[in-house]
Novice: 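Got a structure for you, written out below as C-alpha coordinates; questions coming shortly.
In what follows, every heavy atom counts, from backbone to side chain, and hydrogens, waters and symmetry copies are set aside. Atoms within each ligand, like the ligands themselves, are counted from 1 in listed order.
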Amino acid sequence: MDELGIIVVGASGRMGRMLVKTIADAAGCRLTGATERQGSPFLGRDAGELAGVGTQGVRIVDDLAQCPPADVIIDFTAPQATLAHAEHAASRGMAMVIGTTGFDANQLTRLREILLPVPTVMAANYSVGVNLMLELVRRASSILGNDYDAEIFEAHHRHKVDAPSGTALAIGRALAEGRGVALDDVAVFAREGITGERKTGSIGFSVVRGGNIIGEHKAMFIAEEERLEINHVAADRGVFAKGAVRAATWLRGRRPGWYSMRDVLGLSEV
Ligand code: NAD
(Lines give C-alpha, C1' and ligand atoms only; values in the text may rest on other atoms or scores of the structure.)
Protein backbone atom coordinates (compact mmCIF):
# COMPACT_ATOMS: atom_id res chain seq x y z
CA MET A 1 0.00 0.00 0.00
CA ASP A 2 1.19 3.56 -0.71
CA GLU A 3 2.46 5.56 2.21
CA LEU A 4 -0.11 7.82 3.85
CA GLY A 5 0.80 11.44 3.05
CA ILE A 6 0.23 13.79 5.98
CA ILE A 7 0.38 17.59 6.28
CA VAL A 8 0.95 18.98 9.78
CA VAL A 9 -0.38 22.50 10.25
CA GLY A 10 1.03 24.50 13.18
CA ALA A 11 4.22 22.44 12.79
CA SER A 12 6.31 24.46 15.24
CA GLY A 13 3.79 24.27 18.10
CA ARG A 14 4.12 21.94 21.10
CA MET A 15 1.84 19.36 19.45
CA GLY A 16 3.00 20.17 15.90
CA ARG A 17 6.59 19.16 16.69
CA MET A 18 5.44 16.02 18.46
CA LEU A 19 3.30 15.10 15.44
CA VAL A 20 6.23 15.56 13.03
CA LYS A 21 8.33 13.31 15.27
CA THR A 22 5.59 10.66 15.56
CA ILE A 23 5.02 10.60 11.79
CA ALA A 24 8.76 10.17 11.22
CA ASP A 25 8.69 7.11 13.51
CA ALA A 26 5.42 5.63 12.14
CA ALA A 27 5.58 2.89 9.52
CA GLY A 28 3.50 3.61 6.42
CA CYS A 29 3.22 7.37 7.02
CA ARG A 30 5.10 10.24 5.43
CA LEU A 31 5.18 13.96 6.22
CA THR A 32 4.46 15.74 2.94
CA GLY A 33 3.79 19.29 4.13
CA ALA A 34 4.11 21.57 7.15
CA THR A 35 2.70 25.02 7.83
CA GLU A 36 2.86 27.78 10.41
CA ARG A 37 1.07 31.10 10.88
CA GLN A 38 2.18 34.13 8.84
CA GLY A 39 5.13 35.88 10.47
CA SER A 40 6.25 32.80 12.41
CA PRO A 41 10.02 32.81 13.01
CA PHE A 42 10.08 29.14 11.95
CA LEU A 43 8.99 29.67 8.32
CA GLY A 44 11.51 28.13 5.92
CA ARG A 45 12.91 25.74 8.54
CA ASP A 46 12.86 21.99 7.91
CA ALA A 47 9.98 20.58 9.99
CA GLY A 48 11.95 17.44 10.92
CA GLU A 49 15.01 19.35 12.07
CA LEU A 50 12.82 21.59 14.22
CA ALA A 51 11.21 18.51 15.77
CA GLY A 52 14.62 17.01 16.49
CA VAL A 53 14.26 14.03 14.14
CA GLY A 54 16.60 15.13 11.36
CA THR A 55 15.82 16.58 7.94
CA GLN A 56 12.53 15.39 6.45
CA GLY A 57 12.84 17.46 3.26
CA VAL A 58 9.72 19.43 4.22
CA ARG A 59 10.08 23.17 4.75
CA ILE A 60 7.54 25.03 6.87
CA VAL A 61 5.42 27.41 4.75
CA ASP A 62 2.71 29.92 5.74
CA ASP A 63 0.12 28.87 3.14
CA LEU A 64 -1.49 25.45 3.01
CA ALA A 65 -2.02 25.93 -0.76
CA GLN A 66 1.77 25.68 -1.20
CA CYS A 67 1.81 22.10 0.18
CA PRO A 68 1.31 19.28 -2.33
CA PRO A 69 -2.06 17.54 -1.82
CA ALA A 70 -1.90 14.87 0.89
CA ASP A 71 -4.23 12.17 2.21
CA VAL A 72 -4.76 13.83 5.60
CA ILE A 73 -4.20 17.15 7.38
CA ILE A 74 -3.52 16.92 11.11
CA ASP A 75 -4.49 20.14 12.86
CA PHE A 76 -3.65 21.09 16.45
CA THR A 77 -3.68 24.90 16.15
CA ALA A 78 -6.44 27.36 17.13
CA PRO A 79 -10.17 27.57 16.24
CA GLN A 80 -9.99 30.32 13.56
CA ALA A 81 -6.96 28.71 11.94
CA THR A 82 -8.65 25.29 11.92
CA LEU A 83 -11.74 26.75 10.20
CA ALA A 84 -9.51 28.12 7.41
CA HIS A 85 -7.64 24.80 7.12
CA ALA A 86 -10.98 22.97 6.91
CA GLU A 87 -12.08 25.07 3.88
CA HIS A 88 -8.89 24.05 2.18
CA ALA A 89 -9.23 20.36 3.10
CA ALA A 90 -12.83 20.21 1.86
CA SER A 91 -12.04 21.95 -1.45
CA ARG A 92 -9.11 19.61 -2.16
CA GLY A 93 -10.71 16.41 -0.87
CA MET A 94 -8.26 15.84 1.99
CA ALA A 95 -9.35 14.12 5.20
CA MET A 96 -8.82 15.91 8.52
CA VAL A 97 -7.76 14.94 12.03
CA ILE A 98 -8.59 17.81 14.38
CA GLY A 99 -7.17 18.19 17.87
CA THR A 100 -7.74 21.93 18.32
CA THR A 101 -9.95 22.78 21.30
CA GLY A 102 -11.78 25.93 22.41
CA PHE A 103 -14.39 26.22 19.60
CA ASP A 104 -17.63 27.99 20.50
CA ALA A 105 -20.95 26.42 19.43
CA ASN A 106 -21.21 28.52 16.22
CA GLN A 107 -17.67 27.72 15.16
CA LEU A 108 -18.26 24.03 15.74
CA THR A 109 -21.45 24.05 13.64
CA ARG A 110 -19.59 25.90 10.87
CA LEU A 111 -16.66 23.46 11.03
CA ARG A 112 -18.96 20.47 10.61
CA GLU A 113 -20.73 22.13 7.66
CA ILE A 114 -17.45 22.91 5.90
CA LEU A 115 -16.14 19.39 6.36
CA LEU A 116 -19.26 17.56 5.08
CA PRO A 117 -17.50 16.44 1.85
CA VAL A 118 -14.54 14.74 3.59
CA PRO A 119 -13.98 12.22 6.39
CA THR A 120 -12.95 13.90 9.65
CA VAL A 121 -11.93 12.71 13.09
CA MET A 122 -12.29 15.24 15.87
CA ALA A 123 -11.43 14.53 19.50
CA ALA A 124 -10.82 16.74 22.49
CA ASN A 125 -8.24 14.16 23.54
CA TYR A 126 -6.47 11.57 21.42
CA SER A 127 -5.17 9.36 24.23
CA VAL A 128 -6.53 5.83 24.47
CA GLY A 129 -6.72 6.15 28.27
CA VAL A 130 -8.91 9.26 28.19
CA ASN A 131 -11.24 7.77 25.60
CA LEU A 132 -11.67 4.69 27.75
CA MET A 133 -12.19 7.03 30.73
CA LEU A 134 -15.12 8.66 28.89
CA GLU A 135 -16.78 5.22 28.59
CA LEU A 136 -16.14 4.45 32.28
CA VAL A 137 -17.53 7.84 33.35
CA ARG A 138 -20.66 7.39 31.21
CA ARG A 139 -21.24 3.97 32.77
CA ALA A 140 -20.49 5.08 36.35
CA SER A 141 -22.83 8.06 36.14
CA SER A 142 -25.67 5.98 34.67
CA ILE A 143 -25.35 3.61 37.65
CA LEU A 144 -24.76 6.18 40.41
CA GLY A 145 -27.21 8.86 39.20
CA ASN A 146 -27.90 11.97 41.26
CA ASP A 147 -27.23 10.21 44.60
CA TYR A 148 -23.55 10.98 44.02
CA ASP A 149 -22.39 14.58 43.53
CA ALA A 150 -20.33 14.76 40.34
CA GLU A 151 -17.32 17.06 40.05
CA ILE A 152 -14.67 17.32 37.32
CA PHE A 153 -11.13 18.51 37.96
CA GLU A 154 -8.51 19.33 35.33
CA ALA A 155 -4.96 20.71 35.36
CA HIS A 156 -2.77 21.94 32.46
CA HIS A 157 0.39 23.91 31.71
CA ARG A 158 0.50 27.68 32.08
CA HIS A 159 0.32 28.34 28.28
CA LYS A 160 -3.10 26.77 27.71
CA VAL A 161 -5.56 29.44 26.54
CA ASP A 162 -8.97 27.77 26.95
CA ALA A 163 -10.73 26.55 30.11
CA PRO A 164 -12.12 24.18 31.14
CA SER A 165 -10.16 21.92 28.79
CA GLY A 166 -11.92 20.30 25.84
CA THR A 167 -11.34 16.98 27.59
CA ALA A 168 -12.99 18.16 30.83
CA LEU A 169 -16.01 19.24 28.77
CA ALA A 170 -16.06 15.85 27.02
CA ILE A 171 -16.00 14.17 30.45
CA GLY A 172 -18.86 16.46 31.50
CA ARG A 173 -20.87 15.48 28.41
CA ALA A 174 -20.24 11.77 29.06
CA LEU A 175 -21.32 12.22 32.68
CA ALA A 176 -24.47 14.11 31.70
CA GLU A 177 -25.27 11.53 29.02
CA GLY A 178 -25.03 8.76 31.62
CA ARG A 179 -27.70 10.59 33.64
CA GLY A 180 -29.83 11.39 30.59
CA VAL A 181 -29.46 15.18 30.92
CA ALA A 182 -27.79 17.93 28.85
CA LEU A 183 -24.50 19.26 30.22
CA ASP A 184 -25.50 22.88 29.48
CA ASP A 185 -28.46 22.53 31.86
CA VAL A 186 -26.43 21.28 34.84
CA ALA A 187 -22.83 22.57 34.45
CA VAL A 188 -21.38 24.91 37.10
CA PHE A 189 -18.19 26.50 35.77
CA ALA A 190 -17.43 28.96 38.58
CA ARG A 191 -18.03 29.32 42.31
CA GLU A 192 -17.30 32.50 44.23
CA GLY A 193 -18.78 34.32 47.21
CA ILE A 194 -22.08 33.18 48.70
CA THR A 195 -22.96 30.47 46.23
CA GLY A 196 -25.67 28.77 48.25
CA GLU A 197 -25.71 25.03 48.78
CA ARG A 198 -24.76 22.67 46.01
CA LYS A 199 -27.72 21.93 43.72
CA THR A 200 -28.54 18.23 43.38
CA GLY A 201 -27.68 17.03 39.90
CA SER A 202 -25.23 19.82 39.09
CA ILE A 203 -21.83 19.00 37.57
CA GLY A 204 -19.04 21.24 38.88
CA PHE A 205 -15.74 22.02 37.13
CA SER A 206 -12.47 23.15 38.68
CA VAL A 207 -9.35 24.19 36.82
CA VAL A 208 -5.64 24.49 37.63
CA ARG A 209 -3.11 26.18 35.32
CA GLY A 210 0.61 26.08 36.00
CA GLY A 211 4.12 25.09 35.00
CA ASN A 212 4.43 22.33 32.45
CA ILE A 213 1.56 20.02 33.45
CA ILE A 214 0.73 18.08 30.27
CA GLY A 215 -2.83 17.20 31.27
CA GLU A 216 -4.64 15.72 34.26
CA HIS A 217 -8.35 14.93 34.51
CA LYS A 218 -10.42 13.52 37.31
CA ALA A 219 -14.13 12.67 37.52
CA MET A 220 -15.38 12.44 41.11
CA PHE A 221 -18.61 10.82 42.31
CA ILE A 222 -19.08 11.91 45.90
CA ALA A 223 -21.60 10.48 48.36
CA GLU A 224 -21.87 10.74 52.15
CA GLU A 225 -20.11 7.44 52.82
CA GLU A 226 -17.82 6.96 49.86
CA ARG A 227 -16.18 8.63 46.88
CA LEU A 228 -15.35 7.12 43.50
CA GLU A 229 -12.63 8.85 41.44
CA ILE A 230 -11.69 8.10 37.87
CA ASN A 231 -8.36 9.74 37.18
CA HIS A 232 -6.13 10.15 34.12
CA VAL A 233 -2.65 11.65 33.92
CA ALA A 234 -0.91 12.30 30.61
CA ALA A 235 2.83 11.89 31.16
CA ASP A 236 4.00 12.76 27.63
CA ARG A 237 2.41 14.72 24.73
CA GLY A 238 3.48 11.83 22.51
CA VAL A 239 0.32 10.03 23.65
CA PHE A 240 -1.88 12.61 21.81
CA ALA A 241 0.31 12.56 18.70
CA LYS A 242 0.27 8.76 18.53
CA GLY A 243 -3.53 8.76 18.81
CA ALA A 244 -3.84 11.43 16.10
CA VAL A 245 -1.59 9.50 13.69
CA ARG A 246 -3.58 6.35 14.46
CA ALA A 247 -6.76 8.30 13.58
CA ALA A 248 -5.15 9.52 10.33
CA THR A 249 -4.30 5.94 9.34
CA TRP A 250 -7.82 4.77 10.26
CA LEU A 251 -9.32 7.44 7.98
CA ARG A 252 -7.81 5.95 4.83
CA GLY A 253 -10.62 4.88 2.52
CA ARG A 254 -13.42 6.05 4.91
CA ARG A 255 -16.55 7.64 3.56
CA PRO A 256 -17.11 11.35 4.27
CA GLY A 257 -18.43 11.70 7.82
CA TRP A 258 -17.77 13.01 11.30
CA TYR A 259 -15.92 10.46 13.42
CA SER A 260 -14.59 10.37 16.99
CA MET A 261 -11.83 8.46 18.75
CA ARG A 262 -14.63 6.21 19.98
CA ASP A 263 -15.00 5.08 16.35
CA VAL A 264 -11.25 4.87 15.73
CA LEU A 265 -10.69 2.71 18.82
CA GLY A 266 -13.81 0.60 18.23
CA LEU A 267 -15.21 1.63 21.64
CA SER A 268 -18.68 2.22 20.14
CA GLU A 269 -19.04 -1.56 19.94
CA VAL A 270 -17.94 -2.20 23.56
P1 NAD B 1 0.84 25.73 20.60
O2 NAD B 1 0.46 27.17 20.81
O3 NAD B 1 2.16 25.24 21.11
O4 NAD B 1 0.78 25.36 19.03
C5 NAD B 1 -0.18 25.87 18.15
C6 NAD B 1 0.58 26.24 16.87
O7 NAD B 1 -0.36 26.58 15.84
C8 NAD B 1 1.49 27.47 17.08
O9 NAD B 1 2.81 27.16 16.67
C10 NAD B 1 0.83 28.52 16.19
O11 NAD B 1 1.76 29.44 15.63
C12 NAD B 1 0.20 27.65 15.12
N13 NAD B 1 -0.81 28.35 14.32
C14 NAD B 1 -1.72 29.28 14.73
N15 NAD B 1 -2.42 29.74 13.67
C16 NAD B 1 -1.96 29.07 12.57
C17 NAD B 1 -2.28 29.12 11.19
N18 NAD B 1 -3.24 29.93 10.71
N19 NAD B 1 -1.60 28.29 10.34
C20 NAD B 1 -0.64 27.47 10.79
N21 NAD B 1 -0.27 27.40 12.11
C22 NAD B 1 -0.93 28.19 12.98
O23 NAD B 1 -0.35 24.88 21.24
P24 NAD B 1 -0.40 23.31 21.56
O25 NAD B 1 -0.14 23.09 23.00
O26 NAD B 1 0.37 22.55 20.52
O27 NAD B 1 -1.98 23.06 21.36
C28 NAD B 1 -2.62 23.36 20.13
C29 NAD B 1 -4.11 23.01 20.24
O30 NAD B 1 -4.25 21.60 20.42
C31 NAD B 1 -4.84 23.65 21.45
O32 NAD B 1 -6.16 23.96 21.06
C33 NAD B 1 -4.83 22.53 22.49
O34 NAD B 1 -5.87 22.66 23.43
C35 NAD B 1 -5.02 21.34 21.58
N36 NAD B 1 -4.59 20.05 22.15
C37 NAD B 1 -5.39 19.00 21.92
C38 NAD B 1 -5.04 17.72 22.33
C39 NAD B 1 -5.92 16.56 21.95
O40 NAD B 1 -5.58 15.40 22.28
N41 NAD B 1 -7.04 16.80 21.25
C42 NAD B 1 -3.83 17.53 23.00
C43 NAD B 1 -2.98 18.64 23.23
C44 NAD B 1 -3.38 19.90 22.78
Side-chain angles (χ1 to χ4, degrees), residues 6-22 31 33-45 47 50-51 58-67 73-89 96-104 107-108 111 120-134 154-171 173 207 209-217 232-248 259-262 264-265:
I6 303 177
I7 297 172
V8 173
V9 290
S12 78
R14 277 176 289 268
M15 280 304 301
R17 291 178 201 219
M18 192 52 84
L19 285 160
V20 169
K21 182 173 182 298
T22 304
L31 183 74
T35 74
E36 252 305 329
R37 64 178 166 76
Q38 284 177 359
S40 161
F42 300 108
L43 295 176
R45 294 275 300 272
L50 192 63
V58 175
R59 299 217 167 272
I60 300 178
V61 295
D62 66 1
D63 181 6
L64 196 44
Q66 289 172 30
C67 299
I73 297 171
I74 304 187
D75 187 333
F76 285 64
T77 59
Q80 278 304 340
T82 301
L83 281 161
H85 297 146
E87 300 267 14
H88 189 86
M96 270 195 102
V97 171
I98 300 172
T100 308
T101 62
F103 292 91
D104 65 29
Q107 288 173 319
L108 200 55
L111 187 66
T120 302
V121 176
M122 184 167 182
N125 193 305
Y126 278 90
S127 97
V128 174
V130 159
N131 283 283
L132 184 56
M133 178 178 179
L134 295 179
E154 63 104 332
H156 279 90
H157 54 87
R158 68 203 314 279
H159 305 289
K160 186 162 177 63
V161 295
D162 52 318
S165 68
T167 303
L169 292 169
I171 294 169
R173 281 192 297 274
V207 173
R209 291 284 175 267
N212 62 356
I213 301 171
I214 292 175
E216 298 186 14
H217 293 90
H232 181 270
V233 178
D236 189 311
R237 294 202 157 77
V239 73
F240 310 127
K242 269 194 194 144
V245 172
R246 181 168 172 172
Y259 302 102
S260 69
M261 271 310 266
R262 215 175 167 192
V264 174
L265 299 172

Novice: Given Ser165, Gly243, Ala81, Gly10, identify the one with the heavy atom nearest to atom 17 (C) of ligand 1.
Specialist: Ala81
Novice: Please state which option from Met261, His85, Arg17 has its nearest heavy atom closest to atom 19 (N) of ligand 1.
Specialist: His85
Novice: Report the part of Ala124 in contact with ligand 1, treating N, CA, C, O as backbone and CB onward as side chain, heavy atoms under 4.0 Å; options are side chain, backbone, both, neither.
Specialist: backbone
Novice: If we set the cut-off at 4.0 Å for heavy atoms, which region of Ala123 has an atom near ligand 1: side chain, backbone, both, or neither?
Specialist: backbone
Novice: So between Met18, Lys160, Arg14, whose heavy atom ends up nearest atom 3 (O) of ligand 1?
Specialist: Arg14
Novice: Should you measure from each heavy atom of Ser12, which atoms of ligand 1 turn up under 4.0 Å away?
Specialist: 9 (O)
Novice: Examine the proximity of ligand 1 to Tyr126 and report which part, side chain or backbone, both or neither, has a heavy atom under 4.0 Å away.
Specialist: both
Novice: Does a salt bridge link Glu36 with Arg59, judged by any charged N lying under 4.0 Å from a carboxylate O?
Specialist: no
Novice: Find out whether the Lys NZ or Arg CZ of Arg17 is both under 6.0 angstrom from the six-membered ring centre of Phe42 and within 45° of the ring's axis.
Specialist: yes
Novice: Return the option from Met15, His157, Met122, Glu36 holding the heavy atom at the smallest distance from atom 20 (C) of ligand 1.
Specialist: Glu36
Novice: Is it true that, when you exclude Gln66 itself, more than 12 heavy atoms of the residues, nucleotides or ligands shown sit nearer than 6.0 Å to its CD?
Specialist: yes
Novice: Can you tell me which residue and heavy atom of the protein come closest to atom 4 (O) of ligand 1, and the distance to 0.1 Å?
Specialist: Gly13 CA, 3.3 Å
